[in-house]
Amino acid sequence: AQEIGRDLGRLVSVQRALRLEREAVGELRALDDYKGRLIATVAHELKTPIAIIRANLDLTSELVADDAHAAPSLDAMGRGVDRIARIVDDLLLLAAASDPRLPARQPVDMAPYVVSGVQLAAESAARPEVLDVRTDLPDAPVVVPADPQGLERIVVNLVGNALKYSPAGGTVVVSLRDRGDHAELIVTDEGIGISAADQERIFTEFFRSADPVARRQPGTGLGLAIVDRIVAHHGGRIDVESEVGRGSTFRVFLPAF
Ligand code: ADP
């Protein structure tokens, strides 16, 4: 009877520990949810004033076009406001990608979104002409339950990075493969590569490599965090393989059903 009593006592304390843990997890989730909503609200509120500053800077530049002293300072302000705008846009994308309620997934062929994602990335790249981007798609559709905008964003961010972190003359290959129970999207570049230590951290919000070559490129450190969230929302996984000075390969696996 004594032994049973001891066992019961242990059971009660384990149950209590489990309950406390569940409560703590619940509180952390609620805090994380609050953080997401706070970021989204602030970012959203910043959009209009940023647009006003940008428009007035353009106007002022025209008004003082003859003033050689004003131009450098207006350019500096323009670069600053563009950087803020990029951070705000990425924060909104991160908040959207982290929202567990949205968006619903539907069966879609990934190929058209790979094509449009590559196009969008090339359009916003600083020097798309110096790199060769090849797209390798299968003839048959690759259907997965997905949010089409999310798919496109994955491609835009991965290809955008491949273009940003590659010296002139390199090739970027974007391939799509149907692996039966999952789809595989592969983005390979011949760029500057990512050190083993950095590979562990690149999917973390705001992480940017300390490598001065990488630092030359503008960025928010949010692009891969956004990709990671979207992939997680699809029940998928993302991997990176890279060698400094040789290039990088990002692989996204998305379950087919
Ligand atoms: P950002 O590019 O805005 O800094 P990301 O989250 O997209 O932010 O990427 C995080 C970091 O990972 C980058 O700062 C860069 O150091 C590294 N990185 C990402 N993609 C590549 C790539 N294709 N080649 C080399 N480095 C990369």
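Just so you know, these numbers use all the heavy atoms, side chains as well, and skip hydrogens, waters and symmetry mates. We count ligands from 1, going down the list as the structure has it; atoms in each ligand are counted the same way.
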(request) Report the nearest protein non-hydrogen atom to atom 9 (O) of ligand 1: residue, atom name, distance rounded to 0.1 Å. (result) L224 CD1, 3.6 Å

(message) Could you check whether atom CZ of R246 has more than 12 heavy atoms from other residues, nucleotides or ligands sitting under 6.0 Å from it?
(response) no

(request) For atom 4 (O) of ligand 1, find the nearest protein heavy atom and state the residue, atom name and distance (0.1 Å precision). (result) R208 NE, 2.6 Å

(message) Does this structure show an ion pair linking R251 with E184, if we count only N-O contacts that are shorter than 4.0 Å?
(response) yes

(message) Could you check whether atom CD of Q106 has more than 12 heavy atoms from other residues, nucleotides or ligands sitting under 6.0 Å from it?
(response) yes

(message) Give me the residue, atom name and distance of the protein heavy atom closest to atom 3 (O) of ligand 1.
(response) T220 N, 2.8 Å

(request) Mark up the atoms of ligand 1 that fall under 4.0 Å of a heavy atom belonging to S248, in ascending order. (result) 24 (N)

(message) One thing to verify: whether K47 and D89 come together as a salt bridge, which I'm taking to mean a side-chain N less than 4.0 angstrom from a carboxylate O.
(response) yes

(message) Show the atoms of ligand 1 that are less than 4.0 angstrom away from any heavy atom in K164.
(response) 1 (P), 2 (O), 3 (O)

(message) Suppose we measure from atom 12 (O) of ligand 1 to each protein heavy atom; which comes out shortest, and what is that distance?
(response) I202 CG2, 3.2 Å

(message) Distance under 4.0 Å to a non-hydrogen atom of L222: what atoms of ligand 1 satisfy this?
(response) 6 (O), 8 (O)

(request) Among all protein heavy atoms, pick out the one at the shortest distance from atom 8 (O) of ligand 1; state its residue, atom name and that distance to 0.1 Å. (result) G221 CA, 3.2 Å

(message) Which residue in the set L151, I238, L185 passes side chain to side chain contact (heavy atoms under 4.5 Å, CB included) when paired with L254?
(response) L151

(request) Give me the one residue out of R83, R86, R79 that meets side chain to side chain contact (heavy atoms under 4.5 Å, CB included) with P218. (result) R86

(message) Tell me the protein heavy atom at minimum distance from atom 10 (C) of ligand 1, and give that distance in Å.
(response) F207 O, 3.4 Å

(request) State whether D132 and R134 are salt-bridged, where the test is any N-O pair (Lys NZ or Arg NE/NH1/NH2 against Asp/Glu carboxylate O) under 4.0 Å. (result) yes

(request) Kindly confirm or rule out an N or O of P218 lying under 3.5 angstrom from an N or O of ligand 1. (result) no

(request) Inspect the contact between D198 and R201 and indicate whether a charged nitrogen and a carboxylate oxygen are less than 4.0 angstrom apart. (result) no

(message) What protein heavy atom lies closest to atom 16 (O) of ligand 1? Include the residue and the distance to one decimal.
(response) S209 CB, 3.0 Å

(request) Within a distance under 4.0 Å of any heavy atom of G219, pick out the atoms of ligand 1 and give their elements. (result) 3 (O)

(request) Check whether any side-chain N or O of N157 sits under 3.5 Å from a backbone N or O of G223 as a donor-acceptor pair, and report yes or no. (result) yes

(message) G223 versus ligand 1: do any nitrogen or oxygen atoms come within less than 3.5 Å of each other?
(response) yes

(request) Can you pull out the closest protein heavy atom to atom 13 (C) of ligand 1? Residue, atom name and distance to 0.1 Å, please. (result) Y165 OH, 3.4 Å

